[in-house]
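Naming convention: chains lettered A, B, ... in sequence-line order (proteins, then strands); numbering from 1 in each chain. Computed from a prediction, not measured in an experiment: that's the story for all the values here.
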Amino acid sequence: MDPVQERAVEKLLEKVEKPARYTGGEMNTEVRAWDEAEMHFAFCFADTYEIGMSYLGMKILVSLMNSLPYMSCERVFMPWVDFRAGLKEKNIPLFSLESRKALSEFDVIGFSLQYEMSYTNILDMLDLGHVPVRAADRGEKDPLVIAGGPCACNPEPLAPFFDAFVIGDGEEMMVEFLDVLRACKKEGLDRYETLMRLSRVEGVYVPRFYEPKYNEDGTLRAFERVDERAPETVRKRILKDFSNAFYPDTFPVPYTDIVFDRIVLEIMRGCTRGCRFCQAGMIYRPVRERSMERVIELAEKLEAATGYEEMSLSSLSSGDYSCLKELITALMDRFQDKRVSVSLPSMRVDNLVKQSLEELSRVRKSGLTVAAEAGTQRLRDVINKGVTEEDVLRSVTDAFDSGYSTVKLYFMTGLPTETDEDLRGIGDLARKVVNAYYTVPKERRAKGLRVTCSASVFVPKPFTPFQWAAQDDLETVMEKQSHLREYLKMKGVTFNWHDPSLSLLEACISRGDRRMGEVIYTAWKDGCILDGWSEHFKYDVWIKAFEKCGLSPAFYANRERSYDELLPWAFIDMGVTQRYLQLENERAKKGQTTKDCRKGCNGCGLQRYEGLCNV
Amino acid sequence: MKMWLTMEKGARIRFTGHLDLMRTMQRALRRSGLPVRYSQGFNPHMLLNAAAPLSLGMPGLRELIEVPVGEEITAAEFQERLNAALPPDLRCRAVRALPDEHPAPMAMLRAAQYLMELDEDDPNTESCMAALPQMLAAEELQAIRKTKTGEKPCDVRPMIYDAQALGPRTICATLSLCEAGTLKPDLFLTVLAGLAGAEKPEAFITRLQMYAMKDGALTRLEEA
């Protein structure tokens with residue numbers, strides 16, 4: 001950035017909200033000087049600093065890339081509207097926090113795909129960074145634009161904008177990707193041949209080598225390779241040795257408040273429970289634990305490097321970690337004198353909650369969150385959420401008994417086969433939770449009962465048994481929500497619901513095909529950014545974008561798909577087979593549950609690959 | 001025992017607010033493992049005591065923060081270990097060990113010196129610079145000061161200890177900063193602009209130094 005631009009940025013910072021979002025310089029974020037690195041990677045997060053900095057994957061990968069001797073990896077976040085307007089007005093390109101380099105100056109720009117409604121931000125960030133938004137418009141000198149993360153398991157809606165996607169665990173794949181890219185640069189390969197070479201790295205998908213063909217009814221007819229050298233199936237990358245895999249031993253410590261401002265220790269990846277709505281539970285298989293010794297080693301290093309007073313043990317279901325109690329005890333013993341608290345963000349209520357809570361409350365109390373997901377046992381069986389009413393009531397009673405008075409209950413509406421009885425069941429369960437509070441003797445329970453019931457709208461996701469399911473249309477969702485409001489009218493209970501129009505778009509994009517990219521592009525061109533922020537979400541502009549592109553939201557969201565239909569993500573092997581997902585969907589229709597696969601293999605498909613699944 | 005830390009808050013982190021800066025200091029002190037004293041009670045916290053918060057957007061070259069310590073430790077060791085744990089844009093420039101009875105820095109603070117670099121593109125800069133002698137010659141300068149209790153008209157001239165031009169668009173001013181009456185550099189520029197018949201110019205302001213009053217004269221706070 002030249003001095004004139006530097007001055008303009010400093011002046012702009014004086015005028016915007018939360019300027020510290022854009023200034024960097026936080027503890028543990030120093031990188032190699034620009035000229036001392038051979039290749040530069042811009043790690044982009046398509047939402048604000050506070051959200052992006054809370055995301056563990058970014059900490060892992062930024063740290064990993066900076067550990068490579070020839071690399072430098074810097075961070076870029078979506079600017080808020082005020083800063084964005086200032087950049088545009090002064091024609092200053094969107095720049096990295098560390099070296100203040102424009103996006104266009106990097107060799108690779110990598111986005112983490114966490115949420116469908118941040119996709120317009122991606123296009124906006126590229127445009128702000130003076131990088132052509134469409135992959136087809138980028139030339140030999142332009143950066144490679146890639147993406148990974150959970151939403152990359154259906155990359156097609158973003159295919160027009162990316163040169164490559166990295167699908168699966170990033171720790172080994174990114175190193176290999178960069179090594180190959182570096183070799184290509186040394187050999188002087190052009191963009192096309194470089195991408196061809198990269199497409200042979202396991203987990204990498206290069207959209208330009210494939211072309212979708214459609215039937216007259218709009219469904220996918222074929223997904224053809226345009227260059228036979230590209231792999232026919234893209235197989236997701238799976239990290240085998242999770243315990244010894246790269247994990248940062250320092251974390252950046254932001255100056256300003258971020259959403260999760262603490263040490264995060266990922267103790268386990270994957271989940272064996274098999275909830276049928278849960279994409280993470282399917283795509284992160286197989287389940288892999290980090291050894292207790294390694295977790296403790298990392299905890300000590302991270303505490304020393306950050307000075308944080310809180311660490312959370314993260315995974316999809318921390319209660320399933322095989323030596324959780326020993327781990328918590330060991331961590332508490334080590335850190336109690338230093339006043340470090342340990343939290344477990346994703347506990348299922350069917351684990352030994354009470355014991356863990358008692359261990360944890362040695363330092364600090366917080367609220368309890370229970371994801372019951374559905375209001376009746378029948379529907380919980382349909383979705384294979386192996387949680388019973390008894391589990392829920394026992395765990396909240398235990399919590400009330402140990403001094404908690406705040407409980408959050410999470411539900412979904414619109415799950416396959418849902419009826420009014422299931423909605424009434426949500427109300428009944430909330431009432432029983434309230435009653436559970438009053439069963440605890442007055443002198444033992446904390447004052448001020450607060451039960452928050454949140455009901456999100458079910459969004460069918462790729463690579464889940466419900467990937468064929470129809471989402472309720474808007475009218476149905478709103479009707480259900482108004483019924484729920486009635487059922488939850490009781491003292492001590494607050495009801496939160498989601499904007500159903502946002503969930504409709506999530507459903508369209510998450511199961512969209514390549515044509516959805518044009519809808520995203522049009523919506524962005526017509527002014528949609530920061531869609532995940534309710535004050536900026538413009539539903540009508542999105543609907544017009546569908547019309548302009550000749551597509552219908554109902555086609556993507558509200559239509560049940562047949563097993564014969566070619567799904568836009570079918571060319572990806574996510575480990576779990578389509579046959580298994582089908583079997584699970586059929587079981588769901590019959591209300592049959594599937595056991596936790598640690599009690600015996602259910603044949604999901606991971607065991608096709610030798611040595612990958614050790615459950 | 002307590003330590004008086006003379007801290008430099010660099011330009012890059014000038015937008016870190018006071019509470020965020022205190023939290024940053026706490027985390028750095030935790031990382032350093034230095035024997036800092038905590039408050040008693042249910043939620044023990046570090047007893048950091050800053051002389052005066054910096055305005056958002058303003059770097060400070062010699063800011064004073066007091067930290068009570070529980071064990072004997074030399075000032076030199078304290079400074080070295082703290083610096084090793086601080087982020088690059090926050091530096092500890094000096095440490096002074098003092099007995100607990102020594103007054104708190106906030107109680108001793110009387111004034112601060114500011115460097116005001118007026119914007120070269122701002123049309124008001126030139127006339128404001130030209131009005132500086134007139135300002136110093138004035139016996140009385142009426143201004144509206146915003147205080148905790150509301151807006152009050154008052155004479156701010158006694159709150160200006162010194163002000164001089166250091167170049168064509170740079171002013172170095174020592175202004176009152178204490179319970180009895182504070183003149184913020186921003187208001188100083190507003191008053192100056194009023195004399196010049198101009199608008200308040202945009203300026204990059206740095207707090208250079210804080211002062212106590214000793215034997216009727218301003219003394220560097222960290223040495224008082």
Side-chain angles (χ1 to χ4, degrees), chain A residues 3-4 6-31 33 49-50 83 90 97-100 250-258 261-263 300-310 335-341 363-365, chain B residues 8-46 54-59 81-91 117-122 186 200-206:
Chain A
V4 177
E6 283 281 353
R7 263 220 320 278
V9 168
E10 291 305 318
K11 277 194 189 171
L12 180 55
L13 289 170
E14 302 268 358
K15 295 186 177 73
V16 299
E17 211 180 297
K18 300 185 186 171
R21 282 169 167 168
Y22 313 107
T23 49
E26 311 94 313
M27 186 74 194
N28 304 327
T29 60
E30 277 180 283
V31 294
Y49 176 87
E50 301 85 81
F83 195 71
K90 305 271 181 215
L97 292 192
E98 285 79 2
S99 303
R100 286 199 176 175
T250 72
F251 269 17
V253 186
Y255 284 108
T256 61
D257 251 338
I258 59 170
D261 204 10
R262 59 184 80 118
I263 293 168
E300 287 182 333
K301 285 184 175 165
L302 284 164
E303 194 275 333
T306 60
Y308 272 129
E309 288 184 297
E310 196 184 341
F335 293 114
Q336 199 176 9
D337 290 347
K338 292 187 167 176
R339 300 177 182 84
V340 177
S341 68
V363 163
R364 200 172 286 169
K365 279 192 173 61
Chain B
E8 175 174 348
K9 179 186 178 186
R12 184 172 192 173
I13 58 164
R14 67 198 172 101
F15 294 107
T16 303
H18 181 66
L19 293 178
D20 288 341
L21 192 73
M22 288 301 109
R23 192 178 46 195
T24 300
M25 283 299 296
Q26 283 165 18
R27 283 176 181 160
L29 286 161
R30 284 175 58 84
R31 290 191 290 269
S32 72
L34 286 161
V36 177
R37 255 186 290 158
Y38 280 72
S39 68
Q40 303 293 310
F42 194 70
N43 254 328
H45 54 275
M46 269 186 210
L54 266 172
S55 305
L56 204 68
M58 200 184 288
R81 282 171 59 185
L82 177 57
N83 268 329
L86 282 169
D89 300 282
L90 190 60
R91 295 285 94 198
E117 296 166 88
L118 276 51
D119 197 293
E120 61 181 332
D121 303 327
D122 195 309
D186 227 44
K200 181 171 78 79
E202 284 193 51
F204 187 89
I205 304 170
T206 306

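- With a threshold of 4.5 angstrom between heavy atoms, A/E30 approaches chain B through side-chain atoms but not through N, CA, C or O.
- Neither the backbone nor the side chain of B/Q26 comes within less than 4.5 Å of any heavy atom in chain A.
- Contact record, B/R30 with A/G307: NE-O, 2.9 Å, taken as the closest heavy-atom pair.
- Ion pair B/R23/A/E309 not flagged as a salt bridge, since none of the NZ, NE, NH1 or NH2 atoms sits closer than 4.0 Å to an Asp/Glu carboxylate oxygen.
- Nearest heavy-atom pair across B/D20 and A/T256 is OD2-CA, 3.6 Å.
- Distance check, rounded to the nearest 0.5 Å: CZ of B/R27 to CE of A/M27 gives 12.0 Å.
- A salt bridge does not link A/E26 with B/R12: none of the charged nitrogens is closer than 4.0 Å to a carboxylate oxygen.
- Note on A/R7 versus B/E120: salt bridge recorded, some NZ/NE/NH1/NH2 to OD/OE distance being below 4.0 Å.
- Residue contact with chain B, scored on non-hydrogen atoms closer than 4.5 Å, is absent for A/K18.
- When heavy atoms are compared at a cutoff of 4.5 Å, A/T306 approaches chain B solely by way of its backbone atoms N, CA, C and O.
- Interface remark: A/A304 contributes backbone atoms only to the contact with chain B (heavy atom separation under 4.5 Å).
- Using a 4.5 Å cut-off between heavy atoms, B/A11 does not touch chain A at all.
- Counting all heavy atoms, side chain and backbone alike, A/G25 lies closest to B/P87 at O-CB, 4.2 Å.
- If you measure heavy-atom distances from A/Y308 to chain B, the contacts under 4.5 Å come from both the backbone and the side chain.
- In terms of heavy-atom pairs under 4.5 angstrom with chain A, the leader among B/D119, B/L90, B/D89 is B/D119.
- To the nearest 0.5 Å, the span separating CG on B/L56 from CG on A/L13 amounts to 10.5 Å.
- Nearest heavy atom pair, residue A/T23 against residue B/F15, reads CG2-CD1, 4.1 Å.
- With a 4.5 angstrom heavy-atom cutoff, B/L86 touches chain A only via backbone atoms.
- Interface remark: A/D257 contributes backbone and side-chain atoms alike to the contact with chain B (heavy atom separation under 4.5 Å).
- Put simply, the side chain of A/E14 reaches to within 4.5 Å of the side chain of B/R14, judged on heavy atoms.
- B/R31 has no carboxylate O lying under 4.0 Å from a charged side-chain N of A/E303, or vice versa, which leaves the two without a salt bridge.
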